Every structure is written in C-alpha cells, then in structure tokens.
Number of protein chains: 2
Amino acid sequence: MATKYDRVVDLLRTRIEDGTYPAGTRLPAETALAEEIGFTVQVVRRALSELQAEGLIDRIHGRGTWVRQQRRPVERTTERYVWEKQRVHASEEERASTGATERDAGLEVHDLLFEAEYAEVEAPADLAATFEVSTSTKLLRRTYRTRTHGDAPFNVSTSYLPLDLVAANPALLDSTREPWPGGTQHQLFTVGVEVDRIIDKVTARPPRADEVAALDLPAGVAVLVLRKVSIDITGRVVEVADVVLPGDRTQLVYTTQLPRWSA
Amino acid sequence: MATKYDRVVDLLRTRIEDGTYPAGTRLPAETALAEEIGFTVQVVRRALSELQAEGLIDRIHGRGTWVRQQRRPVERTTERYVWEKQRVHASEEERASTGATERDAGLEVHDLLFEAEYAEVEAPADLAATFEVSTSTKLLRRTYRTRTHGDAPFNVSTSYLPLDLVAANPALLDSTREPWPGGTQHQLFTVGVEVDRIIDKVTARPPRADEVAALDLPAGVAVLVLRKVSIDITGRVVEVADVVLPGDRTQLVYTTQLPRWSA
DNA sequence: GAGTGGTCTAGACCACTGT
DNA sequence: CAGTGGTCTAGACCACTCC
C-alpha cells in the first residue's frame with residue numbers, strides 16, 4: 001500500500017491539475033487540510049514538501065501556501081558563446097550596451113544587478129587537473145551573482161582564470177571594473193587569447209544550504225550545476241567556471257548541428 | 001542560528017570528507033548517532049536524508065547507512081548525435097555492433113538490456129505545438145528503459161514520431177524489432193528523412209514517484225530532464241524525445257565550437 | 001494578537017535484513 | 001530473533017506575517 005503522504009500528494013496534485021485549486025489561489029492551512037483529510041499535520045506537511053519540491057506550490061512562512069503560477073523559465077543557450085565572441089571586436093559602447101545574460105533573459109543591461117568578488121587562490125586538485133597545472137598554481141577566482149531588481153538571484157557562478165595569464169592586464173584584477181563590457185571573452189582578448197571552443201558539463205543535485213540562501217530557493221528544488229571549460233586556439237584551458245542555476249527556473253538549450261550526408 | 005539538522009549535516013559531511021567515515025564504511029545506526037550527538041533520532045534522520053539527496057550516503061532499509069563509493073557518472077555527449085548520423089550509411093552488421101548509448105557508457109551492445117514499448121497516441125498540447133500539428137494528430141509513442149544486467153535502469157525515455165511519417169515503413173511500428181541497428185536516425189532514414197540538427201533542452205527537478213521506482217533512485221536525488229527535438233533538412237520537426245536521467249549518475253557534455261576571428 | 005508555516009521531541013509501530 | 005531504517009502520531013514551542 002502506498003504511504004499516507006503519497007496518497008495526500010496524489011490528492012492535492014489532482015486538485016491542482018483539475019482546477020479545484022487554480023493557479024494563484026491559496027491552499028487551506030495545514031491544520032485545516034489535515035482535519036479534512038483525516039491524517040495528522042505531519043503527514044500533510046510531508047506531502048506539501050514534495051509538491052513544493054516539484055515546483056507546484058509555494059509555501060511562505062507565516063503567510064500560507066499557494067498554487068504556483070505557470071513559471072517562465074530563463075533560457076540559457078550556447079549561442080551566447082558564439083555571440084559573445086563575435087562582439088569582442090565591437091566598440092566599447094556597443095559591448096557595454098548589453099551582455100549575454102541579458103540577451104538570454106530578454107532584459108536590458110540596467111535591469112540586471114550584478115555583484116562581483118575577486119580573490120587569488122591556489123588551485124584545488126580538480127581545477128589543477130583541468131588546467132593541467134600543479135596544485136600550488138595561483139588562480140584568479142571571481143564570484144558573481146546576477147539578479148533583477150527586488151528579485152532573488154537566478155545565477156551564482158564562480159570563474160577561475162590562471163593568474164599568470166591575466167596578470168598581463170592589471171585592469172583584469174580589479175573587481176570594480178565589473179561588469180566588463182563584452183564579458184570574459186573580451187577580457188581574455190585583452191591578454192591575447194582567442195577562445196576556440198567551450199565545453200559545458202551539466203549535472204543536477206539538491207542545493208547546499210549556502211546555495212539555498214544565495215538563490216533563495218524554495219525547499220526541495222534541485223539545482224543544475226554547469227561546469228564551463230573554455231579552451232583557446234592553442235588547446236590550452238583558459239577559463240573554468242562553475243555555474244549554479246535553479247532547476248525550476250532554468251532551461252539549458254543546446255543545439256547540435258549535424259553534417260550533411262551529401263555536399 | 002542554524003537549525004540542528006543543518007549542524008548535523010555539516011558534522012557528518014565533515015566526517016565523510018576528512019576520512020573519519022571513509023567511502024564504503026558503514027555509519028553508526030541512527031539511534032547511536034542521535035545518542036552520540038545529543039539530538040533526537042528525528043533530527044539525525046532529517047540530516048541523513050539531506051546527505052542522501054546529495055549522493056554522499058546510501059541508506060538501505062533494514063541494513064544500515066553507508067558512505068557512498070566515488071560515483072562514476074555516465075557521460076552523455078552530443079557527439080553521439082553526429083556519430084549516429086554518420087553510421088546511417090554503414091552496413092547493418094556494423095550498425096548492429098554498437099549503439100550510441102553503449103558508446104557513451106563504454107560498454108558492449110550485449111552488456112545493455114533494453115525494453116521498448118510502442119503505442120499510438122493523440123498529440124497532447126505541448127507536443128502538438130512542437131510538431132506544429134493539431135492536437136488530434138496521431139503520434140507513435142515509444143517508451144524505452146535501458147539498464148545493465150542486474151542493475152537499475154539509468155535511462156528512461158519516451159520518443160514521439162508523427163505516425164503518418166513512419167507509417168511508410170511498417171517495420172518501424174513493430175516494437176519487437178528493437179533495438180534497431182543504427183537507432184532512430186537510421187529509422188528515419190528508411191522513410192526518407194535526413195536530420196539536420198538536434199536541440200536539447202535541459203532542466204532539473206525532483207523525480208515523480210513512478211520515476212523513483214523506474215530508476216530505483218535513492219530518496220531525494222534530483223533528475224535531469226532532457227527534451228530532445230530533431231529537425232530535418234526541410235525544417236520539419238521529426239522527433240521529440242523526453243529523457244529522464246538520474247542527476248547523481250549522469251553528466252551531460254555539450255561542446256560549442258566557436259568560429260575563428262580570422263580565416 | 002491571531003493565524004500561518006517550521007522545528008523539535010518522545011514514543012509507538014511497522015518493514016526489511018541478517019543470523 | 002535482534003537490529004536496522006521508515007512511517008506516523010500528539011503535542012510543545014518557535015518564527016514569521018498581517019492586522
């Protein structure tokens with residue numbers, strides 16, 4: 001037999017999908033639901049936690065539980081990489097006018113708030129292996145948070161660059177110059193680097209406690225974790241970035257062009 | 001102040017990472033941990049649930065709790081699409097020798113067990129929109145489960161093809177002919193279709209109860225959900241497939257090749 | 001202050017695994 | 001059978017929101 005909380009999950013999911021509880025409406029309080037259904041509050045709470053994790057409801061401490069409006073996921077495409085590279089040779093004015101993230105989100109550059117934090121760190125083992133350097137090598141670590149006014153950040157990322165590579169341009173070590181017009185590819189261009197290809201590796205997992213706080217995630221939602229590795233035209237790894245994205249608000253889009261059979 | 005279960009999560013995570021509880025060892029029983037730490041069993045249980053969701057431990061009902069061995073994620077690359085297309089013109093013998101999934105997993109074709117189930121369905125709204133057809137249009141729905149001997153499936157997928165497209169080759173309607181040598185791209189080739197590009201859309205969420213059962217997922221792990229849309233050289237959508245992958249055992253790899261600045 | 005969701009306790013009972 | 005993890009209860013208390 002299914003557990004009680006599974007039965008409550010099914011019951012409430014049905015009510016949401018059949019319109020008994022339309023999007024945007026408030027659900028009865030946990031105590032009221034428990035009394036109506038005839039199970040304890042704890043069982044109802046566990047069921048609500050599952051529905052929240054699926055993204056069907058929002059629970060707000062002290063206010064109530066609400067059926068979620070249809071969410072509009074932010075798309076992140078790989079065309080942003082191609083687009084960013086092409087813009088490296090544009091004027092500073094043009095580069096400053098919009099960035100890759102605004103482009104994906106359909107926003108203007110002044111809609112986005114942007115926090116950056118720089119530090120010099122020694123390469124941990126996994127990054128040292130990726131960059132093919134020793135673990136004592138210094139890296140420039142840059143931490144970013146991107147959000148819209150009054151909203152939770154939808155993107156927390158950490159970028160690593162070999163310090164000896166970027167040291168050729170002292171402006172790159174200055175976090176107050178962010179957001180840099182043209183993005184990382186233009187920053188790398190100022191030290192003579194042309195990026196040849198970018199590899200995204202994607203996994204999913206539940207967020208850590210600090211990520212829940214940073215992204216203001218509802219309990220139980222999963223995060224997409226993207227490791228982006230940039231390789232220049234000489235085959236050298238020039239940047240590694242770890243991007244954490246809320247799984248319920250993000251859609252990653254990758255297009256694979258296949259070669260034609262006949263020319 | 002952090003909650004008690006958060007503090008227990010941190011404590012146990014530290015013990016796992018610093019080698020107090022090495023990979024493969026068994027953790028003390030919940031009651032023993034609770035007594036040692038001084039919190040109730042319920043608090044310890046909630047902490048263990050979070051660590052399980054992160055993939056750090058396995059809890060087995062009636063046996064105990066174990067530190068997980070370093071997991072080896074199955075990679076899924078987009079090169080599989082290019083590779084599968086190139087092989088369409090290979091001999092049947094060669095096509096039958098190995099498939100894209102075996103190639104990604106580093107396995108032989110006889111290592112993999114493969115279940116297929118076919119049905120003819122009317123297009124639901126989202127698929128009708130993607131295929132640009134009406135909702136009454138018939139689709140061939142094909143459900144697959146892939147697993148290795150004695151192991152849980154690592155892949156549950158549902159593929160949709162327009163029925164009028166594939167009806168030109170009756171063999172394509174016969175599920176007993178799976179696994180089809182050369183995969184879907186070869187199946188489409190038999191009805192005159194050349195695939196031009198494939199778009200992957202990736203999100204993450206917690207699994208539904210039926211997915212937990214099908215993939216034998218530990219409680220709390222997230223799934224990667226991939227919608228794969230294949231477009232032929234005339235711009236027509238010829239296949240839509242939804243693939244559900246366990247987030248803790250899967251890594252999706254996407255490479256973006258950037259055009260050179262100078263030719 | 002009333003009403004909401006969040007944490008924690010103490011304990012009963014059940015389901016599964018091994019001996 | 002003993003020992004493990006899983007479910008469920010009854011209730012205390014806390015934190016947050018709104019009036």
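Worth saying up front: this structure is predicted, and the values here are computed from it rather than measured. Heavy atoms only: backbone and side chains are in, while hydrogens, waters and symmetry mates are out.
Remark: B:D58 pairs with no residue by the side-chain hydrogen bond (donor to acceptor under 3.5 Å, both in side chains) rule, at least two apart or across chains. Every residue meeting the side-chain contact (heavy atoms from CB on, under 4.5 Å) condition with A:S159, not counting sequence neighbours, appears here in chain and number order: A:R142, A:Y144, A:L161, A:E239, A:A241. Evaluation of the side-chain contact (heavy atoms from CB on, under 4.5 Å) rule for B:V225 yields B:T203, B:R205, B:V223 as partners, not counting sequence neighbours. Take A:T20 and apply the side-chain hydrogen bond (donor to acceptor under 3.5 Å, both in side chains) test, not counting sequence neighbours, and it matches A:D18. Considering only residues two or more places apart in sequence or on other chains, B:R15 meets the salt bridge (Lys or Arg N to Asp or Glu O under 4.0 Å) condition with B:E36. For B:A129, there are no side-chain contact (heavy atoms from CB on, under 4.5 Å) partners two or more places apart in sequence or in a different chain. In this structure, the side-chain hydrogen bond (donor to acceptor under 3.5 Å, both in side chains) partners of A:R46, at least two apart in sequence or on a different chain, are A:Y5.
More than 12 heavy-atom neighbours from other residues, nucleotides or ligands sit within 6.0 angstrom of CD on A:E178.
The distance between atom CZ of B:R26 and atom P of C:dG18, rounded to the nearest whole Å, is 10 Å. Rounded to whole angstrom, the span from the CH2 atom of B:W66 across to the P atom of C:dT17 amounts to 13 Å. One atom, CG of B:L27, and another, P of D:dG3, lie 19 Å apart when rounded to the nearest Å. One interatomic measurement links the two molecules: CG of A:D58 to C1' of C:dG5, which rounds to 13 Å at whole-angstrom precision. Straight-line distance from the CD atom of B:Q52 to the P atom of D:dG5: 11 Å, rounded to whole Å.
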Tell me, for nucleotides 10-19 of chain D in 5' to 3' order, what letter each nucleotide earns: B for a base near a protein heavy atom under 4.0 Å, S for only sugar-phosphate near one, - for neither? BB---BBSS-
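Near DNA chain C, defined here as any heavy-atom distance below 4.0 Å, there are no residues from residues 28-38 of chain B.
Residue A:R46 is in sugar-phosphate contact alone, with no base atom involved, counting any heavy-atom pair closer than 4.0 Å across all strands shown.
Listed by first and then second residue, the salt bridge (Lys or Arg N to Asp or Glu O under 4.0 Å) pairs that reach into residues 22-33 of chain B are B:E30-B:R45, B:E30-B:R59, sequence neighbours excluded. Screening residues 117-130 of chain B for salt bridge (Lys or Arg N to Asp or Glu O under 4.0 Å), with sequence neighbours left out, gives B:D126-B:R227.
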Under the salt bridge (charged side-chain N to carboxylate O under 4.0 Å, His left out) criterion, do A:R7 and A:D10 qualify, and how do the steps go? CA-CA 5 Å; A:R7 282 184 277 160; A:D10 287 343; over 6 Å; no
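Of the side-chain N and O atoms in A:T65, none sit less than 4.0 angstrom from OP1 or OP2 of C:dT4. For A:Y5 and D:dT7, the shortest distance from a side-chain N or O to OP1 or OP2 is below 4.0 Å.
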Using Watson-Crick and G-U wobble pairs with both distances under 3.5 Å, what is the 5'-to-3' dot-bracket string of DNA chain C, with [ ] for crossing pairs and | for pairs outside the strand? ||||||||||||||||||.
